[in-house]
Each structure stands twice: as C-alpha cells, then as structure tokens.
There are 2 protein chains.
Amino acid sequence: MAILLDETNDAKRTSWVTSANGHGDFPIQNLPLGIFSVRGDTPRGGVAIGDEVFDLKAASDAKLVSGDADKAARAASNPTLNELMALGAGPRAALRKQLSALLAAGTAESARAKPLASKLLHKAADCTLHLPAKIGAYTDFFAGITHAENGGKRRGANPPLSPNYKYVPVAYHSRASTVRPSGVPVRRPNGQRVVDGEQLPTFGPCLKMDFELEFGIWVGQGNAWGEPIPTGQAFDHIYGFCMLNDWSARDIQRWESAPLGPFLSKNFGTTISPWMVTPEALAPFRIAQPARPEGDPKPLPYLWDEADQREGQLDLEIEVLIHTEAMRAKGAPPQRIAVSNTKHLYWTVAQMVAHHTCGGCALEPGDIFGSGTISGPTPENYGSIAELSFDGTKDITLANGEIRRWVQDGDDIYLRAHGRRAGYASIGFGDCCARMVAAK
Amino acid sequence: MAILLDETNDAKRTSWVTSANGHGDFPIQNLPLGIFSVRGDTPRGGVAIGDEVFDLKAASDAKLVSGDADKAARAASNPTLNELMALGAGPRAALRKQLSALLAAGTAESARAKPLASKLLHKAADCTLHLPAKIGAYTDFFAGITHAENGGKRRGANPPLSPNYKYVPVAYHSRASTVRPSGVPVRRPNGQRVVDGEQLPTFGPCLKMDFELEFGIWVGQGNAWGEPIPTGQAFDHIYGFCMLNDWSARDIQRWESAPLGPFLSKNFGTTISPWMVTPEALAPFRIAQPARPEGDPKPLPYLWDEADQREGQLDLEIEVLIHTEAMRAKGAPPQRIAVSNTKHLYWTVAQMVAHHTCGGCALEPGDIFGSGTISGPTPENYGSIAELSFDGTKDITLANGEIRRWVQDGDDIYLRAHGRRAGYASIGFGDCCARMVAAK
C-alpha cells in the first residue's frame, strides 16, 4: 500500500531536458508512461519528459537501464503496455528510479544518457500518442456523490441519492472497444430518445450531449477468478491514472436506462488522456479520505482499511475547458467552465478495487475504471454540462457571448488535472481532449 | 441475410463416424466449431461429430481441405477461434461443405478421410473443451418479454414492463473476464445484500442464487467505430450460437442496481456451452418473427427489415435441468424443471446487432451477446428460479422430494437446446452445465 516519497519526487531535481524544468505537466518528477509512434513507425512505450518523449526501447537497446528496470523497459517495447502492467509495481518503481537518474541534470547516469539524446528523445509534437493498453474491460464507477445527488434530482428521485449509495461503491460495466485517446474526434450518436414535448420515441441525433469529468484508473496485476482483493492490498493492483471523459447522450440515457442501466448512451465513445501517471508520481498528493458527514454509515469491513483511510485519497485539481469553433477562429484559448478536485470522491480507489472483486470478479492488466463524475459542492464545481445547465434549463454564457446548454458539434472539450503541493513540484496529466462532430 | 439450405442439411446424409448417426446433438448436419485439447496438449479448433472431435489442424496438415475451407481450417488452428471468426461467413460455409463431404458415408471425399481417422478424430471423452474465443465484450440483452414482465412484477413496478420495452432492445454491458465453458464450477459470491427481515445491508454469501436460461450469440466480423450495421445486414455479422447461463445473485442485484443496473450480481461467473452452432446448421430452424400482439408499436425503421421479419427468429426448444447432490448420489439423471423456446424472444438477433451498433458502438470478432432469459407464457416455461419459485415464496418440489426456492451449493444446472423439424435431422447444442459451489 505505502508508496514512499523518495529522491524521484524531490522538487529540487532538474533535468538536462530543459523543457521539463518548470513544465506544467511533465517535469522530471512525473515521468508518466504511454505508447507513442513517430511518423507512422511501430508504436512502443515511452515516457513524457517536458516537450519530449523518452523512448524506452531505445534506452534498453543502449543498455542504459538494468535489472528490474530493464525488464520493465523491455516489456514496454511492445505496441501496448499490458505486458509491463502485468509485472506490477516493483519493476515500474525500479524503472522510474533509473530514468529519473538518467534524465536528471548533473548525475553520473546522465553523463551516459545525454550523448545518446538524439536516439532517446523524440519531440512530442512529432509523436502520435495511442491508447497505452489494450483495454480488456472498462468499468465506470459513480463515486462522485454530488453528481449522484444532482442526477437523482434530475430524475425526480426523492431523496435524490438511492438507498445503497453510502454503502455500495456503485458501478456498471461500460464498453472498452470505443475508448479512444485524446485528440480523436467523437461522433454524436443517433439513437432512440423522446424529444422534449413529444410522447413517443424517435430515432435521430442525440440532442443532449454531455461530457463527464472523471478520473481514470488503470489496473496492473489482476486477480484470479474467485479471489477477492482486500482493500488494504488494492492499491498494489493499480498501475496508473489518467483523465477520462465519459461522453454521455443524456436523452438516449433517459429513455433506455430502465431497468438495466445505461448502454448506448455511454458506449459511442470515451476519451482518455494517453499518459499513465504512476502512483509513485502521485505520492506527494495522497491525502486522508475526508471524514464522512455526521450520520453517514461507516463502510462495511471489506471496504475499510486504516491505511487507506489515512492516505488513500488523492488531492488533484481537475477542470473542464471548452474551445468552441468561434473561439478557435478568433485564436482565443479554451475557456474553463468547471473546476473540481479528486478529493470529492466518496470512495477511494482501493475501495473501488475491493468492491469490484469482493464477489470473485477477475480483473486483468489493462482494465480501466472511471471514477464517476467528480462534481464538487458548488455549481462552479459541477463536472457535467447537465449539472452546469440544470438539465438544459439554464444558459451557460461563455466569455465570447456564446451560449451552451449542451455540447454542440465542433466543441472541443478538454479535461485537465494537476497535483500541486507546497514543497513539491507540480505535475499534470496532459490533455484529455476531443471534438464532438456531427452525427451521420 | 439468406442462409440457404443445401446438401449439408440433408436429413438422409449419414456419416462413417457411426456415433454421429442419430446422435442427439452432433449428427453430421450440425458440425459445430469449438476449441479442444487432448490430455493437456495445445488447444486448437475442432468440430463435434457424434462422440468424436474432428481436428481442423490435422485436416489442413493432411491437405484434406482446400481453398476458402483450408483458409478457415488454418485460421482455426490457433488456441482461439477469433481469427477464424474475423473471416466471416464465406470461409465458414466453405469449410462446412467440405467437412460434410469428408465425413459423409459413401462419398468420394470420405475415401480420402477415412484412412486418416486416427489422426483426425479424438474421442470427445478424452478432450477438454475451452472457451471457443477470447471474449472481447459480453453484452446481455433483455429480449425475453415474459421474463421482463415477471421481473417488473417482482420489483413492484406497475405496469411491470418499463415504457421503453417494446421500442428498445434493452441491454447492458456485462463482464467478459468471468465467462467460463460448461463443466467449470462457479463459486457463490459474497456481497452486499439486505437479508429478508433486516433493514441494513450486510456482507456475506448470496442467499438467492439464480440461473438464467439464455441463448448466446457470437459476433464474427465486427464493424468500424461509428459505422452502424443495418438490421438487413446484421445476420452476416453473427458467427454462431451457444447456450448461456447468466448466473444471477438476486439479493445482491436487488440492493446494488439503483440507479445504474446490475454489476456484481452478474459478474461472478457466466457459463456457456463450448460449441458454436453455426447459422448454416440452424438454417432449417429459422422462422418468421411472431406477429406482435395487437396494439404493440411497430419497431422503428432502423430495427425493421422485411427479410428479418420473415426468417429472423429461431425455433429451438430450450430447457433447464437440475442435478442435485442427492440425485447424483443415487445415480438418478438430471430432472427438467423448465422448458421454453427461442421463438419467445421479443427481438430478433439481427435487431440486437442493429440496435447495439446504431450509435456507432464497435463490435469485434469474439464478442458475445446473451439474449436475456427466455421464459415462455406459462409457469413451466419460466427460465429462472426467481420466476419458478415466485421470488422464493413457493416451493419447487423435485421428483425425489427435495425442495428448492433458490439454487443450492452442489446443484448442477444444465441448459440444453435442440432444433427439431419434420423432414430434417434434429441437432443440439451440447451441455451448458456448471455446479454451484460454496462461497469462501
């Protein structure tokens, strides 16, 4: 469980890759893992460092890494990271230590790496980032309690939270085959929905397109069928984190969901940020699970672990930005429309893992979880446009005068996340962005 | 769409594999595809014929098949059939024609095959049958309308069917990683549930274990993301069929499902019959979709195809049998507790495919659908024990005097399916059986 802070988290460490120093997302303290290719060559594992991508196969070929770190680098030389993820935390941490030393300014190790820079580094601008893993299964949790409450209100539920909410880390299985990395446009789906003011369903383009501000959780080592993972060991099965936009067709969802839950309203496309930010990089941003409000039940024993309560939550600022066609035409930057924090989750990541497996369900390397939409307590913290526009009844007026109640064709939606803590280097997740394009 | 009857369906054709003639499941008119191994050797593709398994790699190696049929046999020489399934219907049909001729009594082709029988055939009793494909995604439909009505009544819904039911082929994503072939025991899950008479949830073994009598549908060629499959072309994407027991923990389901549907109550284990029965083998059992009752809405245009209405439904007798520990101890055979028919499905397989993809969701070779529980109109047709025991309120008395309200540890549950039509050979699916074992 314990991920210890070490020299790789030291804020004073700088890199000879100068773009990394002070980089908003990828300073040397981050070193997230991903799959990249350069101008159509074979996809393989890499690490983001400043404005560059560090090539793990090249590092292994040049014998810059050794032992477990080389084992990790070789496993990462495939077109997906699944083999690496199956190795678990040890080789990942070993690789991080050696890479940090190789990329740091003024270390003995860097003297070996720097002369090989032209082989080891690729400009990120020249790289295509792919899905980092072949996703076996995508499970979407519902751990953002404010989002759950706001959704209940929209459905007219009274009380808005279902009776199980404070006992069960509610989740549903979603669709892995349509998860795409940042940058890939998502097409508005056609589907059955009952148009406002009508009585009967018709088939046509979704009229209530939404985003969802979620945190993504990558599974590393899985569990055997029938063998639950206890909460206290759950974090060992987590390989990394990303941002996840669980695009949602609200009108289709409203009509289709009884009685078995959302299906087509969620499976037309999901966007993730392509870099896996590791538990080691996030060690400075681990915090205690906030105390449950007075009167809330204590989690059942299988969901309770003292260490998890003490350090199982994450303190990451997360935000949603919109970049409309009109903004892009004027050269205006994306506009932030919501800001929240992962600490608003009602359940920890370890509780999600323990719950998912408590009945014996087998997790596999490359599975991904969505956290659920992470809204905070006040309207500016709302992580979906359904919440921000009060179910499409209230205008959201953008700085350039444009109005939104739902996502429109041509809108780029960005999710971003950053860890910031005094005494530590800030790190970020990179963009999770996709453009909504018109239905067929 | 059209799967034509040909000489491979001819009832008069017999096989030199004499156990096939009159075989209840696997006469020469069936020839289902699967993955087998013999005493721990490498799993590979095979075809069931009587009490034997025909080895496709051995047939290809011996040059008994040619052209598209050999392409299919070579693709089937892997430990999963996914590569074969991606080839689509043409090579499958070509393989069937050549195999039928090779295995038929008295044909010129059989004179080439028969001398090689010791290489080509393995006693089924010596074989282990594996999952026929690596399952990318498992989607469970809800197309059994009587089951949906009975479930609504149990939930206290009035009317019992949700308003979308006659418009939407309702489905939810389920869990692929815990699907197992017939013969593998399934462990009763622990989970959160509210025990009868109590107010608050506790964690413990499922107390209301159920089976579900479902028809399984294997996807062959998929579709590109964003490219829907029209109903009229949907059958071309189906590779084969099996029986599927969607084990269901009803007490866990009742507590966890609000508002996003079933999760742990379904993902602890699903049992399928290991042979893929092909569309060609089922050609004699295709029937018109039964007329919708007066007043039911006509399906929306994207779900409507004249040919599908004319021949898109299947007429297969399906049944559930129980074999308790006490029956086994006495040497008694399994006892049938329900019998139904695939024709009771409210939606066709083609409508399921068209609906699943109408918003752009990408299907992939090796995906599997469950049909939903296929109950018929009268209590002896009910396809789940929750329906048979009226939600555990009514005893089911077995022939030996044992009583069931839910599935007990040690119970073997069998699902079986047969096609029977005058003038055609009867075919069957083989067993879909698993034993429920005690929770940890």
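Small disclaimer: the values here were computed from a predicted structure and weren't measured. So you know, we letter chains A, B, ... as the sequences are listed, proteins then strands, and number each from 1.
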J.: Would you mind checking which part of V170(B) comes under 4.5 Å of any heavy atom in chain A, side chain (CB onward), backbone (N, CA, C, O), both or neither?
T.: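 Contact with chain A: side chain only.
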J.: Considering only heavy atoms, which portion of I252(A) lies under 4.5 Å from any heavy atom of chain B: side chain, backbone, both, or neither?
T.: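 Neither; nothing under 4.5 Å.
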J.: Taking all non-hydrogen atoms of both residues, which atom of F268(A) and which atom of G359(B) are closest, and how far apart?
T.: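 Heavy atoms of F268(A) and G359(B) come nearest at CB-O, 3.5 Å.
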J.: Which atoms of V194(B) come close to chain A, meaning under 4.5 Å heavy atom to heavy atom: side chain ones, backbone ones, both, or neither?
T.: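 The answer is neither part of V194(B).
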J.: Roughly how far, to the nearest 0.5 Å, is the CZ atom of F203(A) from the CG atom of L300(B)?
T.: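 So the CG of L300(B) and the CZ of F203(A) are separated by 8.5 Å.
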J.: Please rank R188(A), E256(A), K134(A), H355(A) by heavy-atom pairs under 4.5 Å with chain B and give me the top one.
T.: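 Among R188(A), E256(A), K134(A), H355(A), the one with the most close pairs to chain B is H355(A).
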J.: What part of K440(B) gets within 4.5 angstrom of chain A, counting heavy atoms only: side chain, backbone, both, or neither?
T.: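 When you check distances to chain A, only side chain atoms of K440(B) fall under 4.5 Å.
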J.: How about residues 158-165 of chain B versus chain A: which residues have heavy atoms under 4.5 Å apart?
T.: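 At a heavy-atom separation under 4.5 Å, chain A is reached by S162(B), P163(B), N164(B).
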J.: Could you tell me which of L363(A), T357(A), T202(A) has the largest number of non-hydrogen atom pairs under 4.5 Å with chain B?
T.: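 So the answer, after comparing L363(A), T357(A), T202(A), is L363(A).
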J.: Between R175(A) (side chain) and A362(B) (backbone), is there a donor-acceptor pair under 3.5 Å?
T.: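 Yes, R175(A) side chain to A362(B) backbone: donor-acceptor pair under 3.5 Å.
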J.: State whether the side chain of Q192(A) and the backbone N or O of Y167(B) hold a donor-acceptor pair below 3.5 Å, judged by distance alone.
T.: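 Confirmed, Q192(A) side chain pairs with Y167(B) backbone.
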J.: Of all of E364(A), H356(A), R155(A), which one pairs up most often with chain B through heavy atoms under 4.5 Å apart?
T.: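 Result: the option with the highest number of such pairs is H356(A).
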J.: Is chain A contacted by the side chain of L264(B), its backbone, both, or neither, given a heavy-atom distance below 4.5 Å?
T.: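 Only the side chain of L264(B) comes within 4.5 Å of chain A.
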J.: P262(B), G191(B), A249(B): which one forms the most heavy-atom pairs within less than 4.5 Å of chain A?
T.: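 Looking at each option in turn, the highest pair count goes to P262(B).
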J.: Please look at A176(B) and chain A and tell me whether the side chain, the backbone, both or neither of the residue comes under 4.5 angstrom of a heavy atom of that chain.
T.: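 Neither part.
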J.: Hey, would you say the Y172(A) and F263(B) ring centroids sit under 6.0 Å apart?
T.: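 Distance test on ring centres: not under 6.0 Å, no.
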J.: Let me know if I135(B) has heavy atoms under 4.5 Å from chain A in its side chain, its backbone, both or neither.
T.: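 The answer is neither part of I135(B).
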J.: I want to check something: taking the side chain as every heavy atom from C-beta on, are W225(B) and R187(A) in contact at a cut-off of under 4.5 Å?
T.: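 No, side chains not in contact.
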J.: Is there any residue in residues 137-149 of chain B with a non-hydrogen atom under 4.5 Å from a non-hydrogen atom of chain A, and which ones are they?
T.: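 Within residues 137-149 of chain B, the residues that come under 4.5 Å of chain A (heavy atoms only) are A137(B), T139(B), F142(B).
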J.: With chain A as the partner, which of A157(B), S174(B), P297(B) has the greatest number of non-hydrogen pairs under 4.5 Å?
T.: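 Ranked by heavy-atom pairs under 4.5 Å with chain A, first place is S174(B).
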J.: Among S177(B), G136(B), P301(B), which residue forms the greatest number of heavy-atom pairs with chain A at distances under 4.5 Å?
T.: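 Sorted descending by pairs with chain A, the first entry is S177(B).
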J.: As an exercise: rank P189(B), G151(B), A171(B) by heavy-atom pairs under 4.5 Å with chain A and give me the winner.
T.: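 The candidate making the most pairs under 4.5 Å is A171(B).
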